[in-house]
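Order of the sequence lines sets the chain letters (A, B, ...), proteins ahead of strands, with each chain counted from 1.
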2 protein chains.
Amino acid sequence: MTKPADPESNLSTEEKIKRAATEVFAQKGFAATRTRDIAEAAGINLALLNYYFRSKQKLFDGIMLEKLQELFGRIAPIFTDTSTSLEKKIETFADSYIETLIKNPELPLFVLSEIRTHPESLTQIIQIGELFTTSSFAQQLKARRPEANPLHFIMCLLGMTVFPFIAKPLLKSKAAMDDASFNILMTERKQLIPMWMDSILQNPVQS
Amino acid sequence: MTKPADPESNLSTEEKIKRAATEVFAQKGFAATRTRDIAEAAGINLALLNYYFRSKQKLFDGIMLEKLQELFGRIAPIFTDTSTSLEKKIETFADSYIETLIKNPELPLFVLSEIRTHPESLTQIIQIGELFTTSSFAQQLKARRPEANPLHFIMCLLGMTVFPFIAKPLLKSKAAMDDASFNILMTERKQLIPMWMDSILQNPVQS
DNA sequence: GAAAAATTTAATCATTTGTTTAAATATTTT
DNA sequence: AAAATATTTAAACAAATGATTAAATTTTTC
C-alpha cells in the first residue's frame, strides 16, 4: 500500500514557500501576488514567509535572480564561444533554448513583464545588450552579412524561438491548441529554425 | 505672447484621466497601478476617477478593450482578405504592424502581460486563434507548404515583427540602443521581414 | 440673475495587505 | 531529561489603497 505521496509535503518549509512563490509570481506577477496567496499555495502559516525570507520583496528578488539565470545564462556561453561556427551556434541555441522553454513556458513573459516595471535594476543585472553587439555570434553575423545590422538576425532567431511561448495564451483560446500539441510544434521548431535562419542568412537582397 | 500651452490642460477631465491611466497602466500593469498614481499623472482630484469611471477596474476595462483593438484589430482584415496574395499579405502586415508598434511600442507587452493574469476573460474577447487556423492567410500558407503546420510560419512572421518590441527593454541596457536607432532598425524590418519570409517559404526542406 | 445641474474638492471609510509580536510547539544540544 | 534553540501559530498592527460622502464651486438652464 503506497501512500498518496504528495511530493511537496516532504520538502522543507523554506523550499515549499519558494516553490509556491515561484508559481504564483510567474502566474500573476509581483504586484498582483499577495503574501497570503503564497502562504496558501505553500500550505504554511503566513508568518513563516517573513520568518524565512524577511519580506515579499526579498523572496521575489531571489526567485527573479534564478529566473534571469535560467533565461539568459544559457545564451551567453553559446553566443560567446569562439570555437563554433555560426550555423552550429544557431543549432545549439534553438535546441537548448526550446528545451528550456518547454519545461518553463511562462519564463519569458514573467521576466519581461517584471523588467518593464523595474527597467533599471533588472537590465543592469543581466547586461544582455553586450551579447547582441560584441559576442562571437554578432561578429560572425556581421562577417556573413556585412550590409545588415547583426541585431536584425538575432531578433529573428530570438523572435522565432521565444515568441511562440509569449503568445501561447492566445493560441489556447477556444480549442485551437492544447499543451501537448503546442509542445510537439515547438519540438519541430528545434530543427526548423536553424533551416529558416540558413535561408535568411544565405539569400542576399535581390533588388 | 503665446502661452506655454500645455496640450493636456485643454482636454476634458474625463479625457485627461483616460490618457494618464493609459500611460500608467501600460508602464506598470493593472495591479501595480494605484488610483492615486493615475490621479497625480492626470493632475486631477482622486475622487474624479470614480466620478467619471466608477472604479479602477472599469477604467481599465475600457482602456484594455481599446488596446486589444489596436493590437489585434489590424491583423484580422489583412489575414482574412481573400483577394490578396500570400506575399502581399505579409508585406502589408509587416508594414502596417511595425508602423503601429513604433507609435505604440509598449502595446504587446502590456496586453500579453494582462492576458497572462486574466486568461479566460481576455482571450474570449479577441478570438485570435481562429485567424491562425482558418483565415485565408492560413489556407494560403497550407497551399504553399503543405507539409508544415501553417502556425509555424505565422509564428515566424509575428515573432520577427513583434518580438523586438517586447525585448526592447533588454536592448536599452547600457548604451546599446536608444529610441531613435531602434526605430530606424524597425523601419528597416518593414522591407526585410517580407524578404525573409519569402526565403523561408520558398526553400523546401533539404534533407 | 436665480435655480438647477454638473463638476470638483477635502476628508473620511472600510478593506486589503505586508509585516510583526508573543506565545505555543517541536527539535536539538548538553 | 532539562535547557536551549528553532520552528510554527494565531492574533494584531500599521500603512496603503479603492471607494464614498458631503460640502464647495462652477457651469448650464430657464
Quick one: is A:T35 getting a side-chain N or O under 4.0 Å of the C:dG18 phosphate, OP1 or OP2? yes

Between atom CD1 in A:I44 and atom C1' in C:dT19, what is the gap in whole Å? 13 Å

Look at the side-chain N and O atoms of B:T13 and state whether any lies under 4.0 Å from the OP1 or OP2 oxygen of C:dT7. no

Within this structure, what is the CZ-to-P distance between B:F53 and C:dT7, rounded to whole angstrom? 12 Å

d(CG, A:N50; P, D:dA11) in whole Å: 18 Å

Just the rounded figure in Å: distance from C1' of D:dT21 to CZ of B:R54. 15 Å

Select one nucleotide: of D:dA19, D:dA6, C:dT19, the one nearest the side-chain heavy atoms of A:Y51. D:dA6

Quick one: label B:L49 by what it contacts on the DNA or RNA (base, sugar-phosphate, nothing), any heavy atom closer than 4.0 Å. nothing

Quick test of your reading of the model: are B:R74 and B:E70 salt-bridged, counting only N-O distances below 4.0 Å? no

Atom-to-atom span, NZ of B:K56 to C1' of C:dA14 - whole angstrom: 17 Å

Taking atom P of C:dA22 as reference, at what distance in whole Å does atom CG of A:L48 sit? 18 Å

Could you tell me whether A:Y52 contacts a base, only the sugar-phosphate backbone, or nothing, with contacts defined as non-hydrogen atoms closer than 4.0 Å? sugar-phosphate

D:dG18 base / B:R36 side chain donor-acceptor hit below 3.5 Å: yes

So which one's nearest nucleotide on DNA chain D is more toward 5', B:Q57 or A:N45? A:N45

Side-chain atoms of B:A47 come closest, of C:dT19, C:dA10, D:dA10, to C:dA10

Thinking salt bridges, do B:K56 and B:D61 make one under a 4.0 Å N-O criterion? no

Closest to the B:R34 side chain: D:dG18, C:dT20, C:dT19? D:dG18

Pairing of B:K190 and B:E99 as salt bridge, 4.0 angstrom limit: yes

When you check the gap from the basic side-chain N to the acidic O, do A:E14 and A:R19 get nearer than 4.0 Å? no

How many whole angstroms separate atom CG of A:L46 from atom C1' of D:dA11? 11 Å

Determine yes or no for a side-chain-to-main-chain donor-acceptor pair under 3.5 angstrom, with B:S113 supplying the side chain and B:L109 the backbone. yes

What is the distance, rounded to the nearest whole Å, between atom CD1 of A:I38 and atom C1' of C:dT19? 13 Å

